[in-house]
Amino acid sequence: MRFRSHWLIVGLVLLFSACEGERGSEFYGDLLSSPLGLTLAQSEHETGWGRSDCYSCHATENFHIPRPERRDTYDMEAIQQQVEEEGLSSCSSCHGNNGVVSP
């Protein structure tokens, strides 16, 4: 029993350490250079395609980070505020329906 508890603790530490990170540490790619622009394409979003629960994979604190090397053409602070206020419903207004079929 003691042996199992050690492995459980090691597993939990690894799990939680994988979830931590600094703001902007997760890079989602450059949608502006993709074939469909800001609209998500199935070929570029295979794991999440057809899922409406964006936050299950993406951390909101890593969304819409201004990237100085790219000289963003969008007001990222305003977009971050919109996401904070509207939550998941704000995603489709810029990124399309992500393959989610409306009921």
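Heads up: numbering here begins at 1 and tracks the sequence. As a basis for the values below, the full set of heavy atoms in this structure was taken, side chains included, without hydrogen atoms, waters or symmetry mates.
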>> Within the 4.5 Å heavy-atom criterion, are Val100 and Trp49 side-chain neighbours or not?
In response: no
> Does Cys91 reach the side chain of Glu86, with side-chain heavy atoms less than 4.5 Å apart?
Replying inline: no
>> Using a 3.5 Å distance criterion without hydrogens, assess whether the side chain of Asp53 forms a donor-acceptor pair with backbone atoms of Ser56.
In response: no
>> Once rounded to the nearest 0.5 Å, what's the spacing between atom CD of Glu44 and atom OG1 of Thr39?
In response: 10.5 Å
> Between Glu85 and Gln81, is any side-chain donor less than 3.5 angstrom from a side-chain acceptor?
Replying inline: yes
>> Please find the pair of heavy atoms, one from Ser92 and one from Ser89, that lie closest to each other, and give the distance.
In response: OG-O, 3.8 Å
> Between atom CG of Leu36 and atom CD of Gln42, what is the distance when rounded to the nearest 0.5 Å?
Replying inline: 11.5 Å
> Could you give the distance from NE2 (His95) to OG (Ser90), rounded to the nearest 0.5 Å?
Replying inline: 8.0 Å
>> Return the CG to OH distance between Leu88 and Tyr55, rounded to the nearest 0.5 Å.
In response: 4.5 Å
>> Is the shortest side-chain heavy-atom distance between His45 and Asn98 below 4.5 Å?
In response: yes
>> Can you tell me how far apart CD (Gln82) and NE2 (His64) are? Round to the nearest 0.5 Å.
In response: 8.5 Å
